[in-house]
Amino acid sequence: MAAPMLRWGCPGRRWGLAWIDGGSRHERGAPTGSTSNRIRGQSSVAQQPLHTAQKLKKGEHKWAAVVGLEIHAQISSNSKLFSGAQVCFTAPPNSLVSFFDASLPGTLPVLNRRCVEAAVMTGLALNCRINKKSLFDRKHYFYADLPAGYQITQQRLPIAVNGSLTYGVCVGKRRSQMVTRTVRIKQIQLEQDSGKSLHDDLRSQTLIDLNRAGVGLLEVVLEPDMSCGEEAATAVRELQLILQALGTSQANMAEGQLRVDANVSVHHPGEPLGIRTEVKNLNSIRFLAKAIDYEIQRQINELENGGEILNETRSFDYKLGCTMPMRDKEGKQDYRFMPEPNLPPLLLYDSASLPAGADSQQVINIDQLRERLPELPSVTRERLVQQYGMLPEHSFTLLNEVGLLEFFQNVIKETRAEPKKVTSWVLNTFLGYLKQQNLAVSESPVTPSALAQLLDLLDSKAISSSAAKQVFKELWRSEGKTPMQIVSEKQLELMQDREALEQLCQSVMEGHPQVVMDVKKGNSRALNKLIGLVRRATLSRADPAMIKEILEKQLSP
């Protein structure tokens with residue numbers, strides 16, 4: 001068999017790769033590239049007995065749910081997996097289609113080096129064993145957005161196997177305790193994406209856009225080690241963060257760069273696993289959790305009412321909040337897997353097995369890619385906890401919100417305030433305002449520099465904590481103003497004249513003799529009331545600690 005070519009993931013650059021051996025490769029899992037409601041095969045996740053952390057109850061019955069996921073991540077590359085056609089989400093329809101993508105006769109695949117490196121780095125980050133020899137296969141099925149009538153994938157010998165993904169889940173009544181869980185990764189494989197079917201219901205026609213046809217995908221198959229929508233959503237979010245940290249995928253679900261299929265079943269604990277259904281093409285973490293939880297409850301209701309669960313594929317209607325049947329899977333579809341005749345085995349090396357005198361541009365060294373791995377999210381969280389003394393759940397929040405960690409770190413760089421104070425303001429006040437108005441961090445009217453200046457004013461006791469909240473509110477409304485300008489305009493500075501504050505305290509005490517009597521009788525609440533009365537008289541411009549000190553001195557015998 002002729003040696004294949006390996007090229008870089010940018011148009012126009014090709015590299016020869018001296019691989020040997022003929023062989024076949026197979027792919028598992030149905031592609032999720034089309035927007036049409038269809039299923040291209042049965043789930044590749046085999047259900048087997050395993051733990052289910054959460055038991056669902058209804059009436060007198062106890063149920064355990066089992067959830068497995070198949071995740072398709074679009075590889076960040078300038079060109080497609082087997083052709084030099086560019087990859088661009090916003091390009092006009094059918095403007096980025098090579099002869100190979102359109103499956104014209106005589107065209108041959110040329111493997112994209114960037115996509116192979118992305119798969120290896122992802123496998124290493126997910127604790128997988130990297131196969132030094134992997135194979136490509138053809139998976140045959142016929143649909144309009146797949147011009148060749150088959151998909152090139154890795155069915156029998158994928159590029160990475162037997163990994164694990166660790167993620168954190170909030171537990172407890174207040175959801176304030178973080179526990180760590182792990183889901184096994186069966187395999188990671190390279191495969192082609194399909195095109196996109198655009199349905200025009202008004203004209204009763206379907207249009208085909210092949211721009212996405214042939215784009216490189218990583219399929220990550222998670223074993224059914226989860227038991228509810230929250231666990232699945234948290235695991236997918238952790239994988240999304242890892243892919244983004246590696247740069248192997250932008251993993252933007254809104255643009256279809258990360259798509260999830262969920263396999264769900266329920267059973268009584270101690271009994272055989274139930275029949276599963278597959279919910280296809282979930283493109284939102286929030287909808288993923290809702291779809292899984294709905295499907296679990298639907299199956300429980302069906303079984304408790306004497307019905308049966310069909311082995312079928314379903315879709316999730318986010319408007320109705322329920323899953324809908326698409327097609328049954330009782331009859332196994334024959335995909336006629338066969339070795340891809342135009343692609344020899346993919347051979348990888350490590351430093352020990354690297355051939356003498358090998359051209360670094362012609363081979364891929366696993367050890368070199370391992371050295372290039374960046375700091376992963378789990379390590380970043382540990383560093384945040386150790387460096388700033390924050391709670392583990394706070395570190396999860398900083399990473400889970402897009403752009404929030406960078407915002408936090410920029411505030412830290414510019415303020416004298418303690419990290420714990422910065423953490424509190426960023427996670428409570430700042431993030432609270434964002435959520436109220438449904439804004440992203442990048443859309444915030446308050447910059448890190450502005451928040452840092454505000455915290456410096458608070459730290460230097462130039463303003464009170466209540467005044468700081470007023471200033472933040474004004475910062476949110478009035479772009480362009482500095483915290484100091486707002487403090488000056490609103491006259492929010494703390495009173496620095498101790499003598500004037502002493503006189504004010506005395507005046508308040510004389511105006512509220514009963515409260516004073518209650519304080520002298522040992523009523524601590526009465527003292528707090530006096531402090532509040534003085535603060536009100538100063539328009540919250542006095543330091544509560546100083547007020548308390550003055551009052552206690554004046555009330556002492």
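- No donor-acceptor pair under 3.5 Å is formed between the side chain of Q74 and the backbone N or O of Q257.
- The salt bridge (charged side-chain N to carboxylate O under 4.0 Å, His left out) test applied to E375 returns R383, not counting sequence neighbours.
- Remark: E238 pairs with R381 by the side-chain hydrogen bond (donor to acceptor under 3.5 Å, both in side chains) rule, at least two apart or across chains.
- The ring-ring contact (aromatic ring centres under 6.0 Å, His included) test applied to F408 returns Y388, not counting sequence neighbours.
- Residues L111 and F82 meet the side-chain proximity criterion, which asks for heavy atoms closer than 4.5 Å.
- Residues E401 and L434 have side chains not in contact (no heavy-atom distance under 4.5 Å, counting atoms from C-beta outward).
- Applying the side-chain hydrogen bond (donor to acceptor under 3.5 Å, both in side chains) test to T248 and every residue at least two apart in sequence or in another chain returns T122.
- Under the 3.5 Å distance criterion, the side-chain polar atoms of S194 are left unmatched by any main-chain donor or acceptor of L146.
- With no hydrogens or angles considered, a side-chain donor-acceptor pair links N301 and Q297 at under 3.5 Å.
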Ignoring hydrogens and angles, write down the donor-acceptor pairs under 3.5 Å from the side chains of residues 91-98, residues two or more places apart or on other chains.
| from | atom 1 | to | atom 2 | distance (Å) |
| --- | --- | --- | --- | --- |
| N94 | OD1 | L210 | N | 2.7 |
| N94 | ND2 | I208 | O | 3.0 |
| S95 | OG | P92 | O | 2.6 |
| S98 | OG | S83 | OG | 3.3 |
| S98 | OG | F100 | N | 3.3 |
| S98 | OG | D101 | N | 3.1 |
| S98 | OG | D101 | OD1 | 3.4 |
| S98 | OG | D101 | OD2 | 2.9 |

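- Contact of the P224 side chain with the N263 side chain is not registered, since no non-hydrogen atoms from C-beta on lie closer than 4.5 Å.
- With sequence neighbours excluded, the residues satisfying side chain to side chain contact (heavy atoms under 4.5 Å, CB included) with A125 are I242, L246, L376.
- R372 pairs by the salt bridge (charged side-chain N to carboxylate O under 4.0 Å, His left out) definition with nothing, not counting sequence neighbours.
- No hydrogens or angles considered: a donor-acceptor pair under 3.5 Å links the side chains of Q189 and E219.
- Within the 4.5 Å cutoff, the side chain of N410 has no heavy atoms near those of the T447 side chain.
- A donor-acceptor contact shorter than 3.5 Å links the side chain of Q240 to the backbone of A251.
- If you run side-chain contact (heavy atoms from CB on, under 4.5 Å) between E278 and each of D261, V264, N311, only D261 comes through.
- When side chains are defined from C-beta on, L108 does not count as touching V110, because their heavy atoms never get closer than 4.5 Å.
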Can I185 and N127 be said to form a side chain to side chain contact (heavy atoms under 4.5 Å, CB included), step by step?
CA-CA 9 Å; I185 295 175; N127 310 301; over 6 Å; no
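- Residues E231 and V67 form no side-chain contact, since every pair of their non-hydrogen atoms from C-beta on lies 4.5 Å or further apart.
- Remark: side-chain polar atoms of R237 are paired, donor with acceptor, to backbone N or O of N400 under 3.5 angstrom.
- Atoms CG and CG, on N112 and N78 in that order, are 9.0 Å from each other to the nearest 0.5 Å.
- Counting heavy atoms from C-beta outward, Y167 and M226 have side chains that approach closer than 4.5 Å.
- Electrostatic pairing of E117 and R114 does not count as a salt bridge here, judged by no charged N lying under 4.0 Å from a carboxylate O.
- L241 has its side chain out of reach of T380: every pair of non-hydrogen atoms, C-beta onward, lies at least 4.5 Å apart.
- In summary, the aromatic rings of W63 and H268 are positioned with their centroids under 6.0 Å apart.
- Among pairs with a residue in residues 342-356, those fulfilling salt bridge (charged side-chain N to carboxylate O under 4.0 Å, His left out) read K132-D350, at least two apart in sequence or across chains.
- The CG atom of N281 lies 9.0 Å from the OG atom of S315; values are rounded to the nearest 0.5 Å.
- Remark: R286 pairs with no residue by the side-chain hydrogen bond (donor to acceptor under 3.5 Å, both in side chains) rule, at least two apart or across chains.
- With sequence neighbours left out, R203 forms a salt bridge (charged side-chain N to carboxylate O under 4.0 Å, His left out) with D200.
- Residues meeting the side-chain hydrogen bond (donor to acceptor under 3.5 Å, both in side chains) test with Y150, sequence neighbours left out: R138.
- Here the CG-CG distance, from L348 to L369, works out to 8.5 Å after rounding to the nearest 0.5 Å.
- The salt bridge (charged side-chain N to carboxylate O under 4.0 Å, His left out) test applied to K319 returns no partner, not counting sequence neighbours.
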